There are 2 protein chains.
Amino acid sequence: MDHISIKELLSKKPIGTTATVKGWVRNFRSNRFIALSDGSTIKTLQAVVNFENTPEEVLKKITVGACIKVTGDVVSSQGAGQDLEIQATGVAILGESNPEEYPLQPKKHSMEFLREKAHLRPRTNTFGAVLRIRHSLSFAIHQYFHERGFYNMHTPIITGSDAEGAGEMFNVSALDKKNIPLTEDGEVDFSEDFFGKETNLTVSGQLEAELGALALGKVYTFGPTFRAENSNTTRHLAEFWMIEPEVAFADLDDNMDLAEDFLRKVIKFALDNCADDIEFLSKRLEDEEKTKPQAERSEMSLKDRLEFVADNNFRRVSYTEAVEILRNSKPNKKKKFQYLINEWGVDLQSEHEKFLVKHFGCPVILYDYPATIKAFYMRLNDDEKTVRAMDILFPGIGEIVGGSQREERHDVLLQKMEEFGIDPKELWWYLDTRKFGTCVHSGFGLGFERLVLFVTGMTNIRDVIPFPRTPGNADF
Amino acid sequence: MDHISIKELLSKKPIGTTATVKGWVRNFRSNRFIALSDGSTIKTLQAVVNFENTPEEVLKKITVGACIKVTGDVVSSQGAGQDLEIQATGVAILGESNPEEYPLQPKKHSMEFLREKAHLRPRTNTFGAVLRIRHSLSFAIHQYFHERGFYNMHTPIITGSDAEGAGEMFNVSALDKKNIPLTEDGEVDFSEDFFGKETNLTVSGQLEAELGALALGKVYTFGPTFRAENSNTTRHLAEFWMIEPEVAFADLDDNMDLAEDFLRKVIKFALDNCADDIEFLSKRLEDEEKTKPQAERSEMSLKDRLEFVADNNFRRVSYTEAVEILRNSKPNKKKKFQYLINEWGVDLQSEHEKFLVKHFGCPVILYDYPATIKAFYMRLNDDEKTVRAMDILFPGIGEIVGGSQREERHDVLLQKMEEFGIDPKELWWYLDTRKFGTCVHSGFGLGFERLVLFVTGMTNIRDVIPFPRTPGNADF
């Protein structure tokens with residue numbers, strides 16, 4: 001291609017040469033200074049137009065959102081905040097943008113407005129930064145596992161098993177909804193559907209990842225997962241991406257070590273590789289915080305918070321210890337919690353998780369939960385009351401990781417399935433791994449968008465995925 | 001963890017030290033020699049048991065498929081094909097495997113049988129190799145794009161737009177199939193469904209990737225895509241993974257350059273990083289070929305074929321030239337083609353693609369196809385008869401990549417949509433990119449499983465994805 005990206009130009013600084021850049025006009029002032037963006041970096045390039053030598057019909061088409069090509073001399077810049085600029089000798093309009101119609105004007109738009117313009121919002125500073133960071137985190141995750149001998153495994157999206165019980169599922173079908181075939185008993189006859197049985201969108205690749213780990217040793221998934229839950233919150237999506245590593249011969253301690261090291265390393269990768277974007281979002285968050293009362297503001301800037309997490313150990317606390325702390329806490333005694341903690345065995349709510357993170361001042365790993373509030377596949381401790389589960393709680397995000405050591409004993413697993421009302425025939429293949437060469441193994445799930453939320457400092461999960469799917473919304 | 005992987009042990013060769021390994025028994029002969037696999041590599045480790053010092057109840061549980069832990073002295077091996085072995089001082093059974101029941105015995109199983117045991121087949125040499133290569137190709141793809149400034153973009157899986165027309169779609173719904181709500185006109189009332197409208201599983205992320213490219217410059221997707229087509233072939237899956245790069249300011253020549261360089265580099269990565277697995281599969285294919293008549297056998301081994309593709313340029317041929325070659329070819333003149341090529345404008349069939357690849361003896365890029373047989377979004381050439389489309393044809397695989405320069409002109413695109421019967425209102429957001437700062441851009445789609453087929457030499461696409469989804473089959 002005959003042009004150079006703005007990122008490359010700003011990094012190579014070829015002062016004294018001629019260069020061609022292509023991108024979209026962010027701003028054009030004094031009929032002279034173009035701020036040009038090509039998305040390769042958050043930085044814009046200043047192109048200086050000699051309006052006396054530029055035809056009037058070109059000048060008037062240099063509007064916000066227009067796509068242009070600029071050729072000129074690369075020179076040192078006198079302006080603040082930029083090392084170089086380009087003195088245009090030629091400007092060509094590649095794609096016009098009618099300023100009366102273009103929705104993204106150089107002013108502050110609300111997040112709600114931009115969600116309705118999700119097809120254009122990657123052109124804004126904020127969403128450009130979020131998407132570049134999202135990419136970096138995605139790459140860091142693949143690299144982290146690859147370098148440590150994990151194999152990426154593509155577990156199925158369409159699943160015929162609905163046994164995991166992680167949440168409401170979307171049905172996948174090729175049946176004609178106006179002519180649903182019924183059996184003699186009046187039930188839907190899924191034998192006539194595409195797969196010959198009822199199928200849904202996956203809620204987790206874990207069970208299949210376990211099959212992989214018990215063959216290849218260390219595997220991880222990175223794929224979309226789904227919940228048909230009517231949750232209109234800032235933390236839930238109907239379609240989101242999940243990372244699920246699974247490791248043979250790893251117990252819960254190994255699992256916590258892996259999850260902690262993994263999170264710290266990928267955050268460090270973002271800090272090292274997305275400095276400009278994080279700086280921009282850090283500043284953005286600071287401005288946003290200024291509109292809040294002093295007491296609600298974060299003590300740390302986004303960048304400081306990321307560095308703190310990357311550099312410091314997480315605090316590991318058993319469920320039992322956590323419940324003691326909560327029971328004796330001020331908000332519990334003063335009945336400020338919505339759900340008061342009176343006895344061991346209750347599930348912890350978001351308010352409790354937030355309290356614990358504040359209490360310890362760092363990410364917290366809670367482990368050894370009551371068996372009754374966790375999934376059937378988690379390994380029962382010798383106390384027969386708790387399971388080897390762990391959740392990682394992050395400041396401002398709450399639960400970011402959930403994992404466990406898996407029940408590897410065939411008889412215990414079978415009994416747990418019965419207790420949970422899961423038909424062993426549905427999961428014959430899962431049970432087979434406990435019959436043939438079973439072993440201790442562990443894994444966890446990371447909600448990718450929650451990680452992106454944390455690293456970008458955004459406050460609504462709909463703003464960290466290009467095209468969010470939520471109840472009532474599947475646009476674009 | 002207290003053990004070392006077999007891959008690491010074989011690469012570090014810590015002769016003279018004590019080591020612990022964990023894995024699954026592949027074979028146990030003479031009550032003395034265990035072939036142990038842990039999936040980290042295709043190679044097994046020989047563990048030599050001193051049966052006089054090993055309890056009888058342990059010895060009898062060292063059966064095929066059992067999971068064991070072996071501690072012992074790492075020594076140089078006298079046997080052929082292995083540098084080292086472990087002289088066991090301790091063997092512990094972690095998970096038994098009843099030899100009467102374990103389906104994977106140390107003999108050759110048919111691919112059909114193993115598909116029914118998809119939960120265990122990653123434990124075989126062939127599928128272990130395929131899955132490790134699949135991982136390496138996946139990583140190579142992410143690395144290739146990351147190093148070249150592309151941003152990974154997660155385009156939606158559930159889509160409300162059915163306008164692309166790339167194939168039959170699966171419907172996604174949370175409606176109760178036994179009580180489908182109907183409108184007054186007797187149509188399905190999707191306004192009562194989860195998303196408030198009819199939604200399907202995506203057939204391609206391209207249109208959304210274009211939105212990304214026109215903001216960030218260079219993006220790529222890597223995600224699952226779906227076809228509800230009743231194709232029971234060795235080349236089709238209902239659920240498969242696709243890679244779709246999209247590049248602003250790239251024309252069709254840039255697109256062909258990118259696709260060719262990309263394919264050659266990722267194949268090179270597999271050759272460099274999966275030598276053992278490719279050697280095994282190369283040998284496997286050779287054995288398989290020996291059962292065929294001489295004339296049908298490949299001229300090159302798998303490894304030679306991969307090296308040939310990695311090292312040589314692809315041949316670029318216009319559709320018009322290709323049709324001339326086909327029209328004058330022997331099989332056409334002797335009426336051996338099922339579909340005879342008589343005139344310009346017809347779609348090429350698999351038999352024609354195969355002929356062209358054989359004719360040129362290398363991968364072929366066909367370009368500039370008739371507009372009538374290609375999608376609405378491909379850029380019309382000045383001849384107004386052909387579009388800037390390209391397909392890459394691979395030996396033994398046929399079409400592996402399909403791409404195009406996209407129609408960037410609003411008026412031409414609108415007219416094409418009308419001709420193709422696509423409602424512009426459905427794709428208002430796609431059209432917007434042509435209204436606001438449009439530019440030349442191009443991209444392509446790579447069917448990931450077809451690439452894995454090519455690199456592994458497997459012959460059925462169901463054998464290169466962990467859990468294949470095909471008509472009538474959504475097990476595991």
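The basis for the numbers below is simple: all heavy atoms, side chains too, and nothing from hydrogens, waters or symmetry mates. The model shown is predicted, which means the values in this text are computed figures rather than measured ones. So that the names make sense, note that chain A is the first sequence line, chain B the second, and so on, each numbered from 1.
No part of B/Glu408 comes within reach of chain A, as not one of its non-hydrogen atoms sits under 4.5 angstrom from that chain. In this structure, chain A has no heavy atom under 4.5 Å from any part of B/Lys218. With a 4.5 angstrom heavy-atom cutoff, B/Phe240 does not touch chain A via any of its atoms. Interface residue A/Leu214: backbone and side-chain heavy atoms are both found under 4.5 Å from chain B. Of the two parts of A/Glu116, only the backbone, made up of N, CA, C and O, holds a non-hydrogen atom closer than 4.5 Å to a non-hydrogen atom of chain B. Using a 4.5 Å cut-off between heavy atoms, B/Ile158 contacts chain A through both its backbone and its side chain. Interface residue A/Arg132: backbone and side-chain heavy atoms are both found under 4.5 Å from chain B. Of the two parts of A/Ala66, only the backbone, made up of N, CA, C and O, holds a non-hydrogen atom closer than 4.5 Å to a non-hydrogen atom of chain B. Residue B/Val247 touches chain A through its side chain alone, counting heavy-atom pairs closer than 4.5 Å.
Highest contact tally toward chain A, considering only B/His3, B/Lys117, B/Arg123, B/His146, is held by B/His146 [criterion: heavy-atom pairs under 4.5 Å]. With respect to chain A, the highest number of heavy-atom pairs below 4.5 Å among B/Gly212, B/Gly186, B/Ala174, B/Pro471 belongs to B/Pro471. The most heavy-atom pairs under 4.5 Å with chain A, out of B/Gly196, B/Ser97, B/Ser138, B/Gly149, come from B/Ser97. Chain A forms the most heavy-atom pairs under 4.5 Å with one residue out of B/Glu208, B/Met153, B/Glu210, B/Glu8, and that residue is B/Glu208.
Residues A/Phe150 and B/Phe139 place their aromatic rings such that the two centres sit no closer than 6.0 Å. Side-chain rings of B/Phe222 and A/Trp241 stay apart, their centers remaining 6.0 Å or farther from each other. For B/Phe467 and A/His154, the ring centers are positioned 6.0 Å apart or more.
Judged by distance alone, the side chains of A/His119 and B/Asp432 do bring a donor and an acceptor atom under 3.5 Å apart. With hydrogens and angles left out, the side-chain atoms of A/Asn171 and B/Lys177 include a donor and acceptor closer than 3.5 Å.
Proximity of B/Trp24 to A/Cys439: side-chain heavy atoms (C-beta onward) are separated by under 4.5 Å at one or more points.
Panel note: side chain A/Tyr151, backbone B/Ser40; a donor-acceptor pair is recorded below 3.5 Å.
Within the structure, the side chain to side chain donor-acceptor pair (under 3.5 Å) test picks out the following pairs touching residues 466-476 of chain A (sequence neighbours left out): A/Asp475-B/Lys197.
Below 30°, between 30° and 60°, or above 60°: for A/Phe476 and B/Trp429 the angle between ring planes is above 60°, a perpendicular geometry.
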Self-check item: Steps toward salt bridge (Lys or Arg N to Asp or Glu O under 4.0 Å) verdict (B/Glu96, A/Lys435)
Solution: CA-CA 7 Å; B/Glu96 299 177 30; A/Lys435 272 172 78 176; over 6 Å; no
